[in-house]
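I have placed the structure first, in the form of structure tokens, so that the comments after it can refer back to it.
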Protein chains: 2
Amino acid sequence: MSTIESMTITRGQADRRQAILEGAFTVFARRGYAQACVKEVAAEAGVAKPTVYNHLNDKATLFRQSVQAAAQVVLDERLAALEPLKEPDDLHATLEDVGHRLLQLHTDDRSCALRRLLYAEITQFPDLIDIVVENGPHRLTQALADRLARLTLAGRLRANDPDQAAEQLIALLTGPLEARSRMGTRQIDDAELHQLARAAIRTFLATFGTADG
Amino acid sequence: MSTIESMTITRGQADRRQAILEGAFTVFARRGYAQACVKEVAAEAGVAKPTVYNHLNDKATLFRQSVQAAAQVVLDERLAALEPLKEPDDLHATLEDVGHRLLQLHTDDRSCALRRLLYAEITQFPDLIDIVVENGPHRLTQALADRLARLTLAGRLRANDPDQAAEQLIALLTGPLEARSRMGTRQIDDAELHQLARAAIRTFLATFGTADG
DNA sequence: CGATGATTGAACTCATGGGTACAAGCTATT
DNA sequence: AATAGCTTGTACCCATGAGTTCAATCATCG
């Protein structure tokens with residue numbers, strides 16, 4: 001079938017492009033933008049240097065595309081982590097679980113590398129702000145605010161300003177990480193993440209909780 | 001007097017070194033480490049390129065020293081901002097004022113540039129962690145925890161774990177900034193900083209406050 | 001005034017790395 | 001089998017910038 005074969009062709013090309021973008025992100029994460037060389041990206045992706053330039057115009061687009069792809073993955077993971085808040089049985093326990101999951105995602109290698117890269121190159125690539133930041137933290141806060149609003153309507157929370165509540169919950173969760181992880185260079189073990197999540201939820205519920213969990 | 005004159009000599013040399021370090025930080029903040037060139041640093045400091053190499057061995061030490069100097073300034077400013085907590089009259093109002101001051105310092109140009117530079121180059125300069133992070137955020141949290149502990153002993157707060165309380169207070173204050181300032185690229189007006197400080201202190205006191213302010 | 005030492009500008013060396021050219025090989029459609 | 005399009009390795013061009021050298025200049029001190 002020509003359709004299947006053409007599928008395999010385009011699949012093969014798409015796979016190659018995908019491999020290049022993933023290799024590029026790996027190398028950029030390891031070295032930073034300026035120190036990363038395209039030769040190393042090609043090696044990481046298992047292709048030749050001219051092939052890289054065949055798929056992406058230049059180093060800058062290579063960077064933009066790879067960062068954008070990584071950001072998409074990271075955002076999807078976080079949005080998925082909010083799912084349990086749709087039908088929480090034990091609200092306190094569910095909040096702790098979701099918080100813990102968010103902390104795990106926040107501290108994983110890809111996420112830390114992405115954050116470092118954005119901070120590093122945001123002045124050189126200001127267009128990444130719109131592409132990544134607006135579609136990243138902002139949409140996560142929005143999605144969380146939606147959940148908190150529903151829970152408030154159901155009488156299980158007192159978050160009259162759900163946007164602010166979501167903002168503060170995320171701050172309570174991830175804020176302490178920056179110092180503790182020494183800017184993402186130290187791994188934090190799971191027990192410590194649990195502690196942080198419990199402490200964050202305790203403070204959050206002291207302000208926004210109701211009598212019945 | 002030879003002492004005075006030798007003072008002026010060393011003063012002159014020290015001033016030149018100081019000018020070079022400040023110019024270096026300005027240029028590094030503007031371009032990032034790799035994109036910054038020593039020629040531009042020399043121009044910013046108003047000296048010739050060989051003079052830079054006469055005071056600092058190479059570009060790496062130039063970077064380390066300039067970042068370290070900037071971090072010292074930033075830390076001192078923040079520690080000074082905690083002073084009002086020593087003898088608070090109206091505790092709620094004092095906390096809001098201190099919080100607001102911390103937010104102002106957190107969003108000023110030098111502070112944002114320093115944060116970006118650290119995130120950017122921390123993998124290339126891992127020794128900066130010990131020099132800067134330990135003496136920066138960590139010592140601020142410690143100093144704040146000291147204040148909260150005193151206030152708890154005086155019966156004006158209920159921060160039985162002052163380290164955690166300090167950590168969460170700083171998180172409530174500065175966490176929302178990252179998203180709102182779009183990683184330090186957007187200026188936030190003072191009214192918005194006031195709002196953020198008020199919201200943070202409200203949540204903080206809901207957990208750690210007592211009946212009598 | 002003369003000497004010592006820092007400063008200056010300009011030219012230079014050298015390594016790095018982005019990006020391209022080209023010839024040879026591989027793959028898939030006809 | 002044959003043609004067309006990617007891919008590959010290698011070699012190359014060229015811009016950038018770190019770090020140095022050197023002769024000339026300036027400031028400071030005895």
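Since we're looking at a predicted model, the values are computed, not measured. Residue numbers begin at 1 in each chain, while the letters A, B, ... track the order of the sequences. Side chains are part of it too, since the values below use all heavy atoms of this structure and drop only hydrogens, waters and symmetry mates.
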Between Asp146(A) and Gln142(A): side-chain donor-acceptor atoms closer than 3.5 Å: no
Side chains of Arg101(A) and Gln104(A) only: does a donor on one sit below 3.5 Å from an acceptor on the other? yes
Under the rule for salt bridge (charged side-chain N to carboxylate O under 4.0 Å, His left out), what residues qualify as partners of Arg110(A), not counting sequence neighbours? Glu77(A)
Lys/Arg N to Asp/Glu carboxylate O, Asp130(B) vs Arg182(A), below 4.0 Å: yes
Over 60° means perpendicular and under 30° means parallel, so tell me whether Phe125(A) and Phe63(A) are parallel, tilted or perpendicular. tilted
Arg186(A) side chain to Arg180(A) backbone, donor-acceptor under 3.5 Å: yes
Just by modelled atom types, is the Glu22(B) backbone N or O under 3.5 Å from a matching donor or acceptor in the Thr26(B) side chain? yes
Is the shortest side-chain N/O distance from His55(B) to OP1 or OP2 of dA6(C) below 4.0 Å? no
Distances under 3.5 Å only, N/O to N/O: pair up the protein atoms with those of nucleotides 8-12 of chain C.
| from | atom 1 | to | atom 2 | distance (Å) |
| --- | --- | --- | --- | --- |
| dT8(C) | OP2 | Ala48(B) | N | 3.1 |
| dT8(C) | OP2 | Thr51(B) | OG1 | 2.5 |

Between dG19(C), dT7(D), dG19(D), which nucleotide gets closest to the side-chain atoms of Tyr53(A)? dG19(C)
Identify, residue by residue, the members of residues 28-40 of chain B with a heavy atom below 4.0 Å from DNA chain C, and return them in order of residue number, or none. none
Polar pairs (N or O, both sides) under 3.5 Å between protein and nucleotides 23-27 of chain C?
none

Whole angstrom value for the distance that separates P of dG18(C) from CG of Asn57(A): 15 Å
Quiz item: cation-pi between Lys59(B) and Tyr33(B), 6.0 Å / 45°: yes
Only counting residues at least two apart or in another chain, list the ones meeting side-chain hydrogen bond (donor to acceptor under 3.5 Å, both in side chains) with Ser66(A). none
Who passes side-chain hydrogen bond (donor to acceptor under 3.5 Å, both in side chains) against Thr61(B), sequence neighbours left out? Asp58(B)
